[in-house]
Every structure is written in structure tokens, then in C-alpha cells.
Amino acid sequence: MTFPYYGDSPVKYQTEYLWFNTKKPRDYINITTDVDDILKKSGIKEGMVLVSAMHITAAVYINDAEEGLIKDIDEWLEKLAPFNRNYHHHRTGETNGDAHLKSLLIHHEVIVPVTDGKLDFGPWQQIYYAEFDGQRRKRVVVKVMGD
Ligand code: ZN
């Protein structure tokens with residue numbers, strides 16, 4: 001069995017955490033600048049960055065930073081997974097069944113390519129943290145990988 005040889009260019013990693021404690025139960029926060037700051041600090045020029053919510057009632061997604069669209073996303077999620085229904089999950093004493101389902105619809109993580117030290121986005125792409133059961137401390141892991 002042979003192992004990959006990385007020569008003078010080993011893969012480097014930078015891991016940081018972003019913390020949130022939203023005032024509202026549901027919120028959508030643009031974290032593009034925070035992720036870009038972590039990328040710059042890492043010094044990594046080529047690779048990728050993983051941005052992943054560390055909770056089962058939150059999400060991370062990439063889309064437009066446009067107020068109307070954010071309202072549309074929120075209304076769409078509320079239609080598909082309304083708050084305050086009699087979810088089976090509530091038999092555990094919890095009240096956040098809708099937040100788990102909203103998280104599943106959006107998914108919990110994104111990967112962004114890093115090229116020449118920059119987040120290699122197409123036009124209008126921005127990274128958002130979506131909170132579905134907030135008003136408590138929660139976090140996102142940002143892992144930059146490359147060289
Ligand atoms: Zn729950």
C-alpha cells in the first residue's frame with residue numbers, strides 16, 4: 001500500500017468557531033465576512049472551506065443577500081414545516097419539531113472553493129447561518145483545508 005506524498009506542500013488546516021445567540025427564535029445571519037476573515041488568517045491559498053452548523057435546529061446555506069428573498073425563504077420554510085404543530089418529537093417534552101424539519105430542508109453545511117486566497121464565489125453568492133430555534137448560545141465550525 002502506498003501513501004500519498006505531499007512533498008513540500010502538506011495540507012494545512014485552520015479550525016475556528018463562530019458563536020451565535022439570536023434575539024429572535026428564527027434568524028438569518030450573513031457570515032461571509034467572518035468566514036473570509038478566517039480564510040485570510042489561515043494563509044491558505046488553494047483548497048476549500050467547510051462551514052457547518054453544530055446543531056440539529058440550525059442550518060448553513062449559500063444564496064443572495066437580499067431582504068425580500070430572506071423573507072421568502074422564511075415563509076417557504078414556515079409553510080413546509082410550520083411552528084407549533086403536534087409533532088411526534090414534542091412527546092419528549094420539546095417544542096422545536098419545526099426547527100428540526102427546517103434544518104433538514106436547508107441542510108447543515110456548505111463547502112466553498114478557495115482559489116488564490118479568496119472564496120471562489122459566483123455572482124451574488126453569500127454564506128448564511130440560519131437559526132430555527134435561537135435565543136441560546138449556538139455555534140458553527142469553519143474548517144479551512146488546503147495549502
Ligand atoms: Zn428537539
Side-chain angles (χ1 to χ4, degrees), residues 4 6 10-147:
Y6 296 110
V11 174
K12 288 181 287 198
Y13 299 90
Q14 174 102 17
T15 306
E16 307 258 345
Y17 301 88
L18 301 174
W19 286 91
F20 304 89
N21 191 346
T22 60
K23 289 197 180 81
K24 293 185 279 179
R26 290 212 305 279
D27 210 353
Y28 302 84
I29 300 163
N30 190 337
I31 57 171
T32 312
T33 304
D34 305 273
V35 174
D36 196 43
D37 288 346
I38 293 167
L39 170 61
K40 287 204 173 77
K41 189 173 149 189
S42 77
I44 289 168
K45 298 291 179 207
E46 295 295 328
M48 63 189 88
V49 55
L50 170 76
V51 185
S52 183
M54 298 174 76
H55 302 270
I56 51 185
T57 54
V60 174
Y61 69 88
I62 293 177
N63 218 297
D64 197 356
E66 197 277 310
E67 283 299 311
L69 178 68
I70 292 166
K71 281 202 179 82
D72 289 333
I73 291 168
D74 189 62
E75 286 172 15
W76 173 68
L77 290 170
E78 187 57 23
K79 200 152 86 181
L80 292 172
F83 176 71
N84 216 10
R85 273 246 214 96
N86 285 329
Y87 293 106
H88 299 295
H89 181 51
H90 294 177
R91 283 184 286 188
T92 64
E94 291 206 48
T95 57
N96 62 0
D98 73 301
H100 289 273
L101 298 180
K102 286 175 171 105
S103 167
L104 284 171
L105 288 167
I106 297 291
H107 305 309
H108 71 283
E109 67 188 3
V110 298
I111 294 174
V112 183
V114 172
T115 306
D116 200 20
K118 292 185 184 126
L119 298 169
D120 204 348
F121 280 137
W124 310 112
Q125 286 188 309
Q126 300 277 296
I127 311 168
Y128 272 80
Y129 173 68
E131 178 61 81
F132 303 125
D133 185 21
Q135 299 170 312
R136 57 198 170 97
R137 269 167 67 75
K138 292 168 83 165
R139 63 182 174 157
V140 160
V141 58
V142 179
K143 189 177 280 281
V144 190
M145 297 162 271
D147 62 11

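Both ligands and their constituent atoms are indexed starting at 1 by order of listing. What you see below is based on every heavy atom in this structure, not just the backbone, and it leaves out hydrogens, waters and symmetry mates. It should be emphasised that the depicted structure is a prediction, and the values quoted were computed from it without experimental measurement.
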(request) Decide yes or no on salt bridge (Lys or Arg N to Asp or Glu O under 4.0 Å) for K41 and D37, but give the supporting numbers first. (result) CA-CA 6 Å; K41 189 173 149 189; D37 288 346; over 6 Å; no
(message) Under a 3.5 Å threshold, yes or no: a donor from one side chain and an acceptor from the other, between T22 and D27?
(response)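 No, no side-chain donor-acceptor pair sits under 3.5 Å.
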(request) May I ask you to check whether N96 and H89 show a side-chain donor-acceptor distance below 3.5 Å? (result)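 Short answer, yes.
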(message) Within the supplied structure, the quantity of interest is the number of heavy atoms (other residues, nucleotides, ligands) at a distance under 6.0 Å from M48 CE; does it exceed 12?
(response)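 It does not: M48 CE has 12 such atoms or fewer within range.
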(message) How large, to 10°, is the angle at the Zn ion (ligand 1) when you draw lines to NE2 on H89 and to OD1 on N96?
(response)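 Taking the Zn ion (ligand 1) as the apex, the two atoms subtend 100°.
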(request) Give, rounded to 10 degrees, the angle between NE2 (H100) and OE1 (E94) as seen from the Zn ion (ligand 1). (result)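 With the Zn ion (ligand 1) as the vertex, the angle is close to 160°.
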(request) Check whether any N, O or S atom of D133 sits under 2.8 Å from the Zn ion (ligand 1). (result)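 False for D133.
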